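Notes to accompany the following structure.
Just so we're on the same page: letters track the sequence lines, and every chain starts at 1. From a predicted model like this one, the values you see are computed outputs, not experimental measurements.
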Amino acid sequence: MHYNPQKIESKWQQRWEKQGLYSPDLDKAEKPFYNLMMFPYPSAEGLHIGNMYAFVHSDAYGRYIRMKGFDVFEPIGLDGFGIHSENYALKIGEHISDVSKRTEKHFYQQLKMIGNQYDFKRTLETYQPQYYKWTQWIFIQMFKKGLAYQRESYVNWCSQCKTVLADEQVIGGYCERCGAQVEKKLTKQWFFKITDYAERLLKNLESLSTRALGSKVKISKEMAQSGIDWSEKTKIAQREWIGKSEGVEFEMEILDTDQKIKVFTTRLDTIFGMTYAILSPEHPIVTLLLKTQNSRQGRSSPKAARIQNREEVEEYIKEAKKETESVRTDITKEKTGVELKGIRVINPFNKQKTPLFIADFILGYYGTGAVMAVPAHDQRDYEFAKKYGLPIKEVIKNKNGKSSVEKKAFENYGVLINSGEYNGLTSYQAIEKMITFLKEKKIGDKKINYKLRDWCISRQRYWGPPIPIIYCEKCGTLPVPEKNLPVLLPEIEDFRPTGTDSPSQVSQGEIWEGKSPLASVKEFVNTICPKCGAPAKRETDVSDTFLDSAWYFFRYPSLDYQDRIFDKQRTQKWLPVDMYIGGQEHACLHLLYSRFITMFFKDLGLIDFEEPYKRFFAHGLLIKEGAKMSKSKGNIVNPDEYIKKYGADLTRMYLMFLGKISRGGDWQDSGMAGMTKFVRKAWNLFSDLKKDGKGILDLSFMHKTIKRVDNDLERLSFNTAIAKIMEYVNWYKENQDNFSKKERKLVLENLVLLLSPFTPHLSEELWEKIGHRESVFKEKWPEYDSELVKEEIITLIIQVNGKIRDKIDNIEADIFKEKAKELAISRQKIKKWLKGKEIKKTIFVPGKLINFVV
RNA sequence: GCGGGUAUGGCGGAACUGGCAAACGCGCUAGAUUCAGGUUCUAGUGGGAGAAAUCCCAUGGAGGUUCAAAUCCUCCUACCCGCACCA
């Protein structure tokens with residue numbers, strides 16, 4: 001009777017599905033537990049071993065929780081809409097619809113093969129109209145609340161993918177998907193006002209979870225329910241991304257004009273050290289100043305300063321625009337800029353007139369796009385001043401009066417000098433007093449800035465949900481009436497992106513008309529105005545794939561409702577998600593977006609909570625033999641291959657044995673051999689069920705193992721849990737001839753139960769073999785006898801000056817200090833070490849050790 | 001530059017709150033069984049000294065705290081990940 005994984009696995013997979021074992025009654029479930037894993041985007045290559053790595057860990061936890069008595073809902077779906085899938089189709093020259101049909105089938109096949117307790121009756125794909133109908137519905141709600149808006153904006157343009165990218169999809173100036181350099185383009189885009197939620201997104205991180213959590217911390221269900229439970233690392237990443245910065249915003253007049261520039265600073269205390277100011281090249285005032293000059297109005301009015309080096313300035317702006325984002329944001333690049341000659345700004349504190357520059361290292365999108373430059377106390381300004389020979393005026397000294405700005409800027413806080421009436425104040429005092437001054441003059445106030453920017457939603461691509469907007473010449477921009485949803489994505493032959501121009505072909509201030517592939521489909525574009533009935537046109541952009549995935553977990557429990565995005569009662573019962581396992585790479589964006597959408601749902605009154613995930617756990621990266629897996633290296637592990645050869649159970653077990661889940665793992669083929677040995681060994685134990693021995697009586701090791709495995713699973717320490725099961729098997733083998741029939745059954749039953757989260761098929765088969773008729777997953781997780789897990793007999797360690805010199809075996813765990821000391825000093829070895837020395841101190845750790853300090 | 005992480009045998013990795021470093025597994029060595037080979041079983045396996053008992057040295061490096069440090073603190077080095085001129 002050999003272990004035949006292929007046969008066993010398909011047998012149980014079929015039986016599970018037939019019995020609907022993993023489809024809980026969502027309304028009647030008494031102890032709901034929503035066990036979610038990040039749904040994969042289906043590439044045609046199929047399920048990646050990295051997906052499987054994450055999924056089986058998540059499933060093992062879900063199965064453990066189920067056996068702990070919860071009604072576990074573990075759904076799966078496909079994040080099939082989006083650039084990644086579309087680009088793949090383009091690459092292989094097939095239509096995305098065909099590719100999707102194929103990958104969908106293949107993916108679900110694979111997902112069934114890995115043996116997770118997925119509810120295959122409740123799957124979703126983001127490209128199905130019944131799903132994206134609701135994605136569009138969300139857009140409309142956003143629009144109605146004024147949270148979806150259109151604006152002309154410089155956006156990231158990937159010339160290879162021919163589309164606009166979200167900031168998040170630009171990695172160091174390059175396209176996340178194809179690796180091409182990203183350029184800047186001025187175009188009209190749809191945005192979600194996530195910045196309105198910045199403070200809330202930030203604050204919830206603080207208030208809802210005060211515990212520092214990580215893989216080290218043991219978390220019970222009760223604890224997890226009390227708040228959001230994320231690792232500190234993830235929260236820091238979110239906090240950084242939101243990037244809150246508290247400072248001051250104030251106005252400075254431009255000499256001889258009616259214009260003012262607004263600047264933002266966190267170091268108002270250094271204002272007396274301002275020797276110039278800088279604008280970003282895109283700053284509207286620059287355009288305005290150039291324009292004023294064009295119309296020659298300036299000449300007639302004494303109140304109109306003019307840019308004297310106009311051509312130079314225009315040239316610089318043109319150059320800056322041409323430069324790709326990656327070049328422009330390259331921090332190592334020497335700072336460049338050009339003075340707006342003839343233009344001066346007035347420092348409101350000392351009325352000093354300073355030159356004004358434009359420079360490309362000033363970002364148009366952060367703060368006000370304008371800064372006061374204090375070279376003595378800001379390194380960037382310092383470098384710039386050195387290069388252009390601008391004065392460096394020191395205004396802050398540290399407390400001992402020391403400072404030096406000879407070689408670099410002094411950026412610390414300190415005490416003010418050269419600052420008129422503020423001299424002698426500390427930085428903090430000065431800032432307060434200066435704010436009062438600004439307020440009195442009504443030219444400035446405190447201001448909070450965030451790095452977080454509004455979420456650019458539109459994509460000039462085919463494979464996404466069409467943005468449900470209609471443009472009517474008379475009535476303006478209107479949402480598609482909800483009853484007309486979904487706006488179906490038309491089936492078209494040629495779905496290639498059609499954007500043509502590169503940004504350098506579009507001159508300053510001009511708007512590039514981005515064209516989506518949908519723009520060429522007349523039947524799609526031409527429609528009638530929902531308000532006046534006149535001919536109108538549809539929006540031709542589709543929405544970002546991040547929107548599809550920002551709310552999918554709301555849909556799973558309510559898939560049977562066609563008339564609403566989700567059922568409130570159902571949702572309140574199952575959400576927030578109890579456990580969410582996914583990649584660290586999504587710790588910023590996906591998490592942030594889905595938190596935002598959840599808050600929005602709450603504000604719409606659809607739900608009562610505003611954080612989607614009670615517990616989020618980020619798994620590490622799976623590598624192979626010390627190297628990242630990649631196609632170019634040819635070291636990809638194909639899960640199908642291993643499942644076929646070794647079975648899913650073995651592959652699962654091996655993936656979970658590799659190491660700590662939070663740290664990822666190093667796949668080595670040789671390790672599979674060891675796992676095979678172990679599984680076979682375990683399997684073979686069940687061939688002598690009927691054997692009867694004299695009985696071993698002491699089953700405390702069994703109880704201890706149950707306790708340890710339980711403890712490990714609770715804290716997601718899968719690898720050590722497996723190690724402990726291995727020890728258990730070894731223990732069984734040592735005693736195998738001695739168990740009584742009754743003991744044998746008990747010990748083996750518990751082995752099956754402990755194994756079941758890891759090797760579900762094998763466990764079912766063995767459970768049946770023992771003689772059970774019901775699924776092992778209807779069983780309760782084994783319990784241990786808390787009396788028997790107590791360590792009664794220990795090895796007492798004897799140290800002298802902290803070094804181990806002897807051990808005494810078989811000591812009662814509750815031995816007293818005096819008794820232990822007596823025993824210890826009487827040992828020959830210890831006598832040797834203590835000879836001629838006085839014991840100054842004796843440290844006794846009950847149940848562990850005794851240490852003599854001499 | 002900023003933020004986060006990591007460093008333990010030949011390898012993957014254990015060591016939850018400081019208390020027997022190296023659990024568990026791979027690999028390797030020797031032996032047994034089978035023998036075409038794999039499988040299986042037994043013993044051994046951090047380094048050094050020693051015939052042995054035993055002793056010394058070992059958790060990236062240097063200091064420190066402590067009776068006691070892989071674990072805590074300071075500094076340094078290397079690698080990985082994320083963000084990157086955020087005013």
Checklist line | side-chain contact (heavy atoms from CB on, under 4.5 Å) against N449(A), all qualifying residues, sequence neighbours excluded | finding: F264(A), Y366(A), K447(A)
Next item on the list: For C16(B), take OP1 and OP2 only and decide whether either is under 4.0 Å from a side-chain N or O of S717(A).
Entry: no
Checklist line | Separation between the C1' atoms of C67(B) and C16(B), rounded to whole Å | finding: 24 Å
Notebook entry, point to check: Atom NE2 of H619(A) to atom C1' of G5(B): distance rounded to whole Å?
Noted result: 17 Å
Checklist line | C81(B) OP1/OP2 closer than 4.0 Å to side-chain N/O of K628(A) | finding: yes
Check: Can you find a side-chain donor-acceptor pair between K841(A) and N851(A) that sits under 3.5 Å?
Finding: no
Check: Under the 3.5 Å rule, do the base of C85(B) and the side chain of K335(A) count as making a donor-acceptor pair?
Finding: yes
Next item on the list: Can you label the angle between the Y728(A) ring and the F701(A) ring as parallel, tilted or perpendicular, going by 30° and 60°?
Entry: parallel
Note to self: Ring-plane angle category for Y646(A) and Y642(A), please: parallel below 30°, perpendicular beyond 60°, tilted otherwise.
What the structure shows: parallel
Note to self: Can you build the contact string for nucleotides 22-41 of chain B? Use B for base contact, S for sugar-phosphate-only contact, and - for no protein heavy atom under 4.0 Å.
What the structure shows: -BBSS-------------SS
Note to self: Generate the contact string for nucleotides 54-60 of chain B. Rules: B means base contact, S means sugar-phosphate contact only, - means no protein heavy atom under 4.0 Å.
What the structure shows: SSSS---
Notebook entry, point to check: Parallel, tilted or perpendicular for Y61(A) and Y64(A), by the 30°/60° rule?
Noted result: tilted
Check: Should the ring pair F546(A) and H586(A) be called parallel, tilted or perpendicular, given that the plane angle runs from 0 to 90° and is split at 30 and 60?
Finding: perpendicular
Note to self: Closer than 4.0 angstrom, basic N to acidic O: yes or no for R267(A) and D378(A)?
What the structure shows: no
Notebook entry, point to check: C80(B) P sits how many Å from Q584(A) CD, rounded?
Noted result: 17 Å
Next item on the list: Keeping the roles fixed (side chain from K244(A), backbone from A198(A)), state whether a donor-acceptor pair exists under 3.5 Å.
Entry: no
Notebook entry, point to check: How long is the line joining CD of E411(A) and C1' of C86(B), in whole Å?
Noted result: 13 Å
Run the side-chain donor-acceptor check on residues 619-628 of chain A: report pairs under 3.5 Å with partners two or more places apart or on a different chain.
residue: H619(A); atom: NE2; partner: G583(A); partner atom: N; Å: 3.4

Check: Of all the base pairs, Watson-Crick or G-U under 3.5 Å, which form stems of three or more consecutive pairs involving RNA chain B?
Finding: B:1-7 with B:77-83, B:10-12 with B:24-26, B:27-32 with B:40-45, B:46-49 with B:54-57, B:60-64 with B:72-76
Next item on the list: For RNA chain B, find the residues of residues 841-854 of chain A with a heavy-atom distance under 4.0 Å and give them by number; none if there aren't any.
Entry: K841(A), I843(A), V845(A), K848(A), L849(A), N851(A), V853(A)
